[in-house]
2 protein chains.
Amino acid sequence: MRISELAKLAGVTPRTIRYYEDLGLLQASDRQGTGFRYYTEDELERLQKINLLKTLGLTLDEISSVIPLLFEEPRKLAGKQMLLDILKGHLQAIDQQVDSLTQLRTELQERIELIQQWIDRQASQK
Amino acid sequence: MRISELAKLAGVTPRTIRYYEDLGLLQASDRQGTGFRYYTEDELERLQKINLLKTLGLTLDEISSVIPLLFEEPRKLAGKQMLLDILKGHLQAIDQQVDSLTQLRTELQERIELIQQWIDRQASQK
DNA sequence: ACTTACCTTTACGTTAACGTTATACTTTAA
DNA sequence: TTAAAGTATAACGTTAACGTAAAGGTAAGT
């Protein structure tokens with residue numbers, strides 16, 4: 001597929017895809033010289049993963065350091081204990097984020113009930 | 001306390017605090033004319049909440065719409081069913097984000113184990 | 001070969017969220 | 001009451017993550 005189709009499927013614009021290519025985040029699977037860029041399902045999957053990481057609050061810079069660890073073949077990554085530590089660091093960050101979200105969730109829930117009570121009380125008062 | 005102390009406690013700069021004031025996100029508890037701004041624990045708590053929401057990926061604009069619902073007294077919010085719906089929307093968004101994080105967590109975990117196996121295999125091979 | 005619809009690069013523009021001066025004013029302590 | 005340390009406003013600067021417009025190149029069908 002070409003760039004516009006990929007863009008639609010991923011919910012972004014062609015400009016965004018080219019921008020990611022400049023950053024080294026996403027390469028076209030086929031390209032001859034300065035011709036059109038062609039993509040496959042693999043690039044779509046990778047792009048969707050990038051979008052997911054963005055909604056989780058990561059910058060493109062941070063994503064650049066995580067994405068390879070998720071898509072590169074293990075044997076190319078192996079031999080580097082450091083990478084394992086980085087991944088484990090991300091794991092911890094995720095756990096902490098889940099904790100924060102869970103706490104915020106509780107707080108929101110309490111607030112909702114409080115306001116609901118207020119509404120109910122006003123309704124029964126007239 | 002004054003602006004610099006609040007800034008330190010919250011891990012931001014004074015500039016950031018004034019910027020939030022411009023956006024209507026955080027008001028000083030005491031202010032005479034153009035004199036110094038004074039803050040209390042309440043503002044610290046609110047500022048920390050803002051920081052939390054930021055790490056969760058919300059923009060300051062989005063935070064502006066959530067913060068009042070968390071800190072305003074219920075009776076001022078009541079009477080507006082709409083607000084309840086907004087809060088419930090945020091609840092759903094949080095649940096979805098937790099799901100995404102959980103899935104990413106699993107993926108990371110699998111990756112870690114894969115790489116670990118590779119390292120172990122290489123170690124036992126010499 | 002030619003049209004049509006997309007695509008290419010280049011380059012300047014935009015917005016959010018502050019950083020960084022510069023200049024003047026407030027507080028507090030001596 | 002004056003010196004030192006912190007703070008005030010105003011205004012221009014910066015970076016990330018694209019948007020947008022211009023000028024030309026490509027691919028596919030006819």
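The sequence lines fix the lettering, A, B, ..., with proteins before strands; numbering per chain opens at 1.
- A:Q92 contributes no side-chain N or O that, together with a main-chain N or O of A:G89, makes up a donor-acceptor pair within less than 3.5 Å.
- Put simply, CD1 on B:I3 and CZ on B:R15 are 10.0 Å apart, with the number rounded to the nearest 0.5 Å.
- No side-chain donor-acceptor contact under 3.5 Å links B:E110 to the backbone of B:E107.
- DNA chain D lies under 4.0 Å from at least one heavy atom of each of the following residues of residues 15-24 of chain B: B:R15, B:R18.
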Check: B:E21 and B:R31: salt bridge (Lys or Arg N to Asp or Glu O under 4.0 Å), yes or no, with the steps?
Finding: CA-CA 12 Å; B:E21 185 176 319; B:R31 187 98 196 264; 3.7 Å; yes
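- Sorted by residue number, the members of residues 54-61 of chain A with any non-hydrogen atom under 4.0 Å from DNA chain D read A:K54, A:T59, A:L60.
- Checked against side chain to side chain contact (heavy atoms under 4.5 Å, CB included), B:D30 has the following partners two or more places apart in sequence or in another chain: B:Q32, B:Y38.
- With a cutoff of under 4.0 Å to any heavy atom of chain A, the contacted region of DNA chain C is bounded 5' to 3' by C:dC6 to C:dA11.
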Can you give the donor-acceptor pairs under 3.5 Å from side chains of residues 95-103 of chain A to other protein atoms, not counting sequence neighbours?
residue : atom : partner : partner atom : Å
A:D95   : OD1  : B:R105  : NH1          : 2.6
A:D95   : OD2  : B:R105  : NH1          : 2.5
A:Q97   : NE2  : A:L56   : O            : 3.1
A:S100  : OG   : A:Q96   : O            : 3.2
A:T102  : OG1  : A:V98   : O            : 2.7

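- Between A:T13 and D:dG19 there is a side-chain N or O to OP1 or OP2 distance below 4.0 Å.
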Notebook entry, point to check: Under the side chain to side chain contact (heavy atoms under 4.5 Å, CB included) criterion, do A:Y39 and A:L47 qualify, and how do the steps go?
Noted result: CA-CA 11 Å; A:Y39 301 91; A:L47 184 47; over 6 Å; no
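- Between the side chain of B:R111 and the main chain of A:L69, a donor-acceptor pair closer than 3.5 Å is present.
- Ranked by how close their nearest DNA chain C nucleotide is to the 5' end, A:R31 and B:F36 are led by A:R31.
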Note to self: Using side chain to side chain contact (heavy atoms under 4.5 Å, CB included), reason through A:Y20 and A:V12 one step at a time and then give a plain yes or no.
What the structure shows: CA-CA 11 Å; A:Y20 288 177; A:V12 302; 5.6 Å; no
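- With sequence neighbours left out, the side chain to side chain contact (heavy atoms under 4.5 Å, CB included) criterion links B:Q116 to A:L84, B:I119, B:D120.
- Rounded to whole Å, atom P of D:dA27 lies 15 Å from atom CD1 of A:I3.
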